[in-house]
Student: 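There's a structure below that I have some questions on.
Owing to the predicted nature of the structure, the values given are computational and were not obtained by experimental measurement. Just follow the structure's listing: the first ligand is 1, and inside any ligand the first atom is 1.
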Amino acid sequence: MRLFESTTLQIKEKILARELRVSEVIECFIERIKSVEPDIQAYITVNEAAAIKKAVEIDKKIENAEKVGFLAGIPVAVKDNICTKSLSTTCASKILKNFISPYDAFVVKRLKEEDAVIIGKTNLDEFAMGSSTENSGYKITRNPWNPEYVPGGSSGGSAAAVAADLSLMALGSDTGGSVRQPAALCGVVGVKPTYGRVSRYGLVAFGSSLDQIGTLTKDVKDAAVLLQVIAGHDSRDSTSMKITVPDYLHEIDSGVNSLRIGIPKEYFAAGLNPDVHEALKGTLKIYEKLGARIIDISLPHTEYAVSVYYIVANAEASSNLARYDGVRYGHRASRSNGIIDMYCRTRSEGFGNEVKRRIMLGNYALSSGYYDAYYLKASKVRNLIKIDFDMAFEKVDCIICPTSPVPGFKIGERAKNPLEMYLSDIYTIPANLAGIPAISIPCGFSKEGLPIGMQILAKHFEEKKLLQIAYAFERETDFHAKKPVLKVSSAQR
Ligand code: GLN
């Protein structure tokens with residue numbers, strides 16, 4: 001196995017045993033990025049010089065037998081809507097071109113405290129609005145399994161970076177599925193923690209009642225490792241909860257014997273791709289073999305989830321994005337006739353079409369006379385969706401369903417049809433509306449050889465249980481270990 005194909009835990013062990021220097025690891029990933037990135041386009045910024053410098057520093061600490069952090073020398077890619085001091089944070093938007101945050105996000109500060117190496121900032125749909133990474137104001141990221149296909153979105157850069165071994169792990173953000181759906185489409189593990197589990201301080205706000213930072217990794221144990229580092233209370237995010245963070249790796253192999261798995265009938269209905277359906281059937285057989293019980297359940301308000309989400313998320317986005325006015329951040333139109341004209345020109349030039357569409361829809365839903373009919377009504381239906389889950393979890397320990405209704409789609413295929421694009425999130429959105437944690441793990445391949453992901457959902461703050469259930473499956477299968485065949489320069493073949 002080549003070094004860049006290892007998992008975080010494997011590399012961590014070798015670094016600590018002094019079989020591998022951090023500089024070797026980081027140089028290996030920088031080389032890998034140089035040979036593969038031109039075909040994948042996962043990064044907006046590669047942090048080459050600073051990463052190499054940091055590696056040398058950590059090597060020194062190890063040589064001097066000084067204490068090093070939990071992620072010492074591990075390259076981590078960070079989605080470009082998470083603030084990093086001294087490295088630009090663009091949100092893949094022209095409006096934030098060259099913007100450098102004066103502070104690190106809480107999660108970035110945690111990574112640095114644990115001696116991780118920030119290897120770069122990854123591409124996304126502008127302001128995390130999209131499901132394909134085609135809405136980036138800079139570039140289109142390609143799916144490592146087939147460059148004609150999208151990597152999913154909006155954390156498509158992070159998912160592709162992990163799948164193509166351009167980083168060991170990555171952070172993403174998930175407002176309606178943006179960690180889990182690209183994880184599924186790229187064949188990696190994606191965790192969206194409970195709303196309140198991870199601080200959003202320094203995550204550029206999209207839909208504040210839904211946003212959560214999540215992890216993208218090569219396997220379930222690595223997900224446990226990264227979540228361990230970023231989870232926990234932070235007084236600078238008022239939604240961050242003061243709840244003890246368990247040891248996620250401890251007893252991760254406790255199995256699923258007599259676990260009750262709920263299968264929502266609404267998620268296995270029309271529109272589900274047959275390959276995805278087959279893969280899910282296969283996973284349920286494995287869980288049954290491992291001693292779990294499969295129980296049919298119903299989540300009757302699921303059919304309203306996408307409509308509710310696109311009212312709530314857009315309304316909140318229209319308010320959050322009001323701050324990009326050319327005065328405080330980023331781009332400002334070069335010529336204008338007065339302040340109102342300056343706002344208009346700046347925002348017209350700086351935002352892409354999807355962002356503009358959302359601002360208009362969101363403002364409409366919040367405008368006087370329509371607020372009750374849209375935002376208020378959507379909030380009420382959102383509560384019914386949450387109650388569906390509360391009732392289901394009285395009968396079952398977790399819920400399993402597909403992550404994405406299709407294994408993937410081609411670049412350009414859905415770009416002209418926003419509604420079709422919005423339906424990509426039909427299975428991921430309910431967890432955000434209810435605030436519950438969810439994980440997507442690889443569970444098969446389509447006839448065309450594209451990865452398929454399954455989603456596991458549990459009650460609030462039960463990430464540990466999710467990781468145990470996911471690991472039980474991963475241990476029995478090798479879908480997560482399969483690698484895409486990439487075009488690479490001869491040096492790395
Ligand atoms: N695809 C969804 C949207 O476009 C979700 C995005 C996200 O989770 N950031 O809003």
Side-chain angles (χ1 to χ4, degrees), residues 78-82 91-93 122-137 141 150-159 170-186 190-193 195 198 200 203-216 305-321 351-362 365 378 382 403-406 408-409 413-415 417-440 453 455:
V78 176
K79 186 175 180 179
D80 210 19
N81 61 349
I82 299 177
C91 293
S93 180
T122 55
N123 195 24
L124 61 150
D125 288 296
E126 185 176 0
F127 284 103
M129 296 173 183
S131 311
S132 67
T133 316
E134 291 166 293
N135 295 339
S136 167
T141 300
V150 303
S154 63
S155 313
S158 286
L171 291 180
S173 65
D174 192 313
T175 304
S178 275
V179 163
R180 292 159 286 155
Q181 186 257 15
L185 269 49
C186 289
V191 177
K192 181 205 90 75
Y195 186 78
V198 177
R200 291 106 38 94
L203 166 69
V204 176
F206 165 10
S208 303
S209 73
L210 303 153
D211 296 338
Q212 186 61 199
I213 293 175
T215 61
L216 292 121
V306 172
S307 319
V308 166
Y309 169 84
Y310 278 96
I311 289 171
V312 172
N314 290 349
E316 294 178 3
S318 70
S319 159
N320 277 326
L321 268 58
F351 290 137
N353 285 342
E354 182 61 26
V355 174
K356 287 177 187 162
R357 179 177 7 249
R358 304 232 182 171
I359 292 174
M360 285 191 278
L361 287 169
R382 177 180 185 173
T403 306
S404 159
V406 292
F409 48 94
E413 200 179 307
R414 296 190 177 188
N417 186 342
L419 261 189
E420 217 184 327
M421 189 71 89
Y422 295 173
L423 288 172
S424 312
D425 307 311
I426 192 158
Y427 300 134
T428 48
I429 279 173
N432 299 80
L433 292 172
I436 58 175
I439 186 171
S440 176
Q455 197 183 190

Student: Would S178 count as a polar contact of ligand 1, with the cut-off being nitrogen or oxygen pairs under 3.5 Å?
Tutor: yes
Student: With a cut-off of 4.0 Å, which atoms of ligand 1 are near a heavy atom of A128?
Tutor: 6 (C), 7 (C), 9 (N)
Student: If you look at every heavy atom in S173 and N81, which pair is closest and at what distance?
Tutor: OG-ND2, 3.0 Å
Student: Under 4.0 Å from any heavy atom of Y309, which atoms of ligand 1 are there?
Tutor: 2 (C), 3 (C), 5 (C), 6 (C), 10 (O)
Student: Less than 3.5 Å between some nitrogen or oxygen of G176 and one of ligand 1, yes or no?
Tutor: yes
Student: Tell me which part of T175 gets within contact of ligand 1: side chain, backbone, both or neither, using heavy atoms under 4.0 Å.
Tutor: both
Student: Hey, is ligand 1 close enough to S173 that some N/O pair sits below 3.5 Å?
Tutor: no
Student: Measure up the F127 and F351 rings against each other and bin them: parallel (under 30°), tilted (30 to 60°), perpendicular (over 60°).
Tutor: perpendicular
Student: Output the list of atoms in ligand 1 that are nearer than 4.0 Å to some heavy atom of G130, sorted by atom number.
Tutor: 1 (N), 2 (C), 3 (C), 4 (O), 6 (C)
Student: For A128 and L124, which heavy atoms make the closest approach, and how far apart are they?
Tutor: N-CD1, 3.5 Å
Student: Does R358 have a non-hydrogen atom less than 4.0 Å from ligand 1?
Tutor: yes
Student: Touching ligand 1 at all, Y422? Heavy atoms, strictly under 4.0 Å?
Tutor: no
Student: Please identify which atoms of ligand 1 are closer than 4.0 Å to at least one heavy atom of F206.
Tutor: 9 (N), 10 (O)
Student: Locate the shortest heavy-atom distance separating G352 from E126; write the atom from each residue and the value.
Tutor: N-OE1, 3.0 Å
Student: Could you tell me, atom by atom, which parts of ligand 1 come under 4.0 Å of a heavy atom of D425?
Tutor: 1 (N), 2 (C)
Student: Considering only heavy atoms of S154, which atoms of ligand 1 have at least one such atom less than 4.0 Å away?
Tutor: 9 (N)
Student: Distance under 4.0 Å to a non-hydrogen atom of D174: what atoms of ligand 1 satisfy this?
Tutor: 8 (O)
Student: Nearest protein heavy-atom contact for atom 3 (C) of ligand 1: which residue, which atom, what distance?
Tutor: Y310 OH, 3.3 Å
Student: Apply the test side chain to side chain donor-acceptor pair (under 3.5 Å) to residues D425 and S131: give CA-CA distance (whole Å), side-chain angles for both, the deciding distance (0.1 Å), then the verdict.
Tutor: CA-CA 8 Å; D425 307 311; S131 311; 3.1 Å; yes
